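Remarks on the structure that follows.
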Number of protein chains: 2
Amino acid sequence: MTRRSQAERSDVTTSRLVAAAQELFGRDGYAATTIGAIAAAAGVTKGAAYHHFLNKATLFREVFVREQEQISAALARAATAEPDTWSGLLQGCRTFLEHCLDPAFRRIVLLDGPAVLGWEAVREIEYEHTLRVLTEGLRAATADGRMVDGELRVRAQLIFGALCEAGMLLARSEDPARALPAVVTEAARLLGSLARDPDEHR
Amino acid sequence: MTRRSQAERSDVTTSRLVAAAQELFGRDGYAATTIGAIAAAAGVTKGAAYHHFLNKATLFREVFVREQEQISAALARAATAEPDTWSGLLQGCRTFLEHCLDPAFRRIVLLDGPAVLGWEAVREIEYEHTLRVLTEGLRAATADGRMVDGELRVRAQLIFGALCEAGMLLARSEDPARALPAVVTEAARLLGSLARDPDEHR
DNA sequence: CCAGTTACATACCCACGGTATGGAAGTGAG
DNA sequence: CTCACTTCCATACCGTGGGTATGTAACTGG
């Protein structure tokens with residue numbers, strides 16, 4: 001009984017298309033991935049793809065959002081598992097860096113995303129996901145007295161930039177597992193500038 | 001007497017092509033710029049472009065290097081004009097941020113560069129220019145006792161990432177000139193973590 | 001002065017993003 | 001149940017643009 005409702009059929013094909021797109025965009029990059037290839041990988045034709053998505057960039061945007069949802073969930077999970085706000089922040093950074101070891105993630109989120117969607121659009125999406133988690137972590141740590149006051153939006157952005165760069169650096173090293181401590185150390189040192197001992201005031 | 005040597009003719013057309021490419025890539029972005037348009041703007045045809053450059057990416061790479069040469073020179077100039085290594089570092093960062101107000105610079109160096117040339121290639125070029133200047137600034141400040149020790153290569157990379165993000169943030173604000181102080185303050189605060197009072201040891 | 005190279009222009013190919021069209025399957029009103 | 005209408009998707013097609021093949025005039029070295 002392959003009799004399905006329209007909504008069902010539609011959902012199945014769209015999610016198949018997005019999944020195939022995520023796979024191919026992540027592996028080959030945006031420019032080297034054709035709509036035809038995505039459709040074929042999803043078991044449909046170009047017509048189906050253009051029925052559900054306005055154009056290639058729109059489909060890519062969908063993939064980008066998916067990627068954001070996945071990592072922001074992982075970040076939130078990692079942070080809340082920690083005993084206090086400060087270590088939650090550090091653990092979140094570590095989790096982000098580990099995520100950067102995935103080539104598909106780097107390709108989609110760090111390399112192609114800004115070029116394809118534009119910086120503003122990308123940061124707008126990220127501010128609903130990754131940047132939101134980071135900003136809230138900073139806010140919590142500040143409210144906790146573990147971090148000096150400041151423009152949180154700006155601060156989150158700067159830290160995010162440093163983390164992205166760190167993730168790329170890490171991924172490029174021949175032995176990422178061994179290089180991770182050094183990168184984490186430097187990152188923690190940078191963050192350390194913002195730390196404040198909750199017991200003493202200076 | 002328009003009689004020119006081969007080398008002369010070649011140099012003229014190549015530099016014209018690069019100049020036109022820099023203009024168009026910076027204004028419209030990599031994807032929206034065609035080789036034909038570049039050639040036309042340079043007063044030649046596609047044939048000339050493909051005679052001097054292997055492909056579109058190669059031409060873009062040339063433009064990218066030019067952009068790097070220009071900014072790294074400006075950074076070095078700004079830094080050496082300062083009285084001490086630490087303020088030289090700060091002034092260099094400020095100069096970089098001001099450079100980010102140029103849309104063409106952002107487009108070529110921050111957005112399209114990594115996507116087109118790949119992260120490794122971009123950082124390899126930058127390590128010969130912008131990142132070199134930054135790393136040397138850090139080295140000088142460290143040797144001067146103004147900054148705590150650390151993995152300079154990694155540190156430069158992290159700071160660079162934060163600065164790029166700061167530059168984008170700045171450029172997107174409705175009034176960059178007014179937003180600059182806040183961004184500089186946050187950036188300086190981040191850098192402050194690495195500062196060390198040269199007179200006291202702890 | 002001439003063989004060989006360099007510097008282009010012109011003409012062409014084709015891959016790929018996007019559109020137009022057609023038809024099969026589903027849906028909702030009467 | 002039926003029939004107009006919509007949704008979903010395939011097929012066929014178009015235009016643009018990156019890249020190549022070819023032709024040719026100008027320069028160069030012997």
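So that the names make sense, note that chain A is the first sequence line, chain B the second, and so on, each numbered from 1. Bear in mind that the values here come from a model prediction, so they are computed numbers and not experimental data.
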d(CG, B/Leu59; P, D/dG19) in whole Å: 11 Å
Touch class at under 4.0 angstrom, heavy-atom based, for B/Thr14 against every strand present: nothing
Residue-phosphate contact under 4.0 Å: B/His52 side-chain N/O, C/dA7 OP1/OP2: no
Nucleotide D/dG19, atom C1' - distance to NE2 of B/His51 in whole Å: 16 Å
Sugar-phosphate, base or nothing in reach of A/Thr34, heavy atoms under 4.0 Å: sugar-phosphate
Separation of atom CD1 in A/Ile35 from atom C1' in D/dC9, rounded to whole Å: 15 Å
Atom-pair distance (CG on A/Leu54; P on C/dG17), nearest Å: 14 Å
Non-neighbouring partners of B/Glu136 that pass salt bridge (charged side-chain N to carboxylate O under 4.0 Å, His left out), sequence neighbours left out: B/Arg132
Whole angstrom value for the distance that separates C1' of D/dC8 from OH of A/Tyr50: 17 Å
d(CZ, A/Arg9; P, C/dT27) in whole Å: 9 Å
Sugar-phosphate, base or nothing in reach of B/Ser10, heavy atoms under 4.0 Å: sugar-phosphate
Residues A/Arg189 and A/Glu186 bridged, charged N to O under 4.0 Å: yes
Geometric cation-pi criterion, A/Arg155 with A/Phe160: 6.0 Å, 45°: no
Separation of atom NZ in B/Lys46 from atom P in D/dT20, rounded to whole Å: 11 Å
Pair A/Asp28-A/Thr33, side-chain donor/acceptor within less than 3.5 Å: no
C/dG18 base / A/Lys56 side chain donor-acceptor hit below 3.5 Å: no
More than 12 heavy atoms of other groups within 6.0 Å of A/Arg107 CZ: yes
Any A/Thr13 side-chain N or O less than 4.0 Å from OP1/OP2 of D/dC8: no
Spacing between B/Glu8 atom CD and D/dT28 atom P, to the nearest angstrom: 9 Å
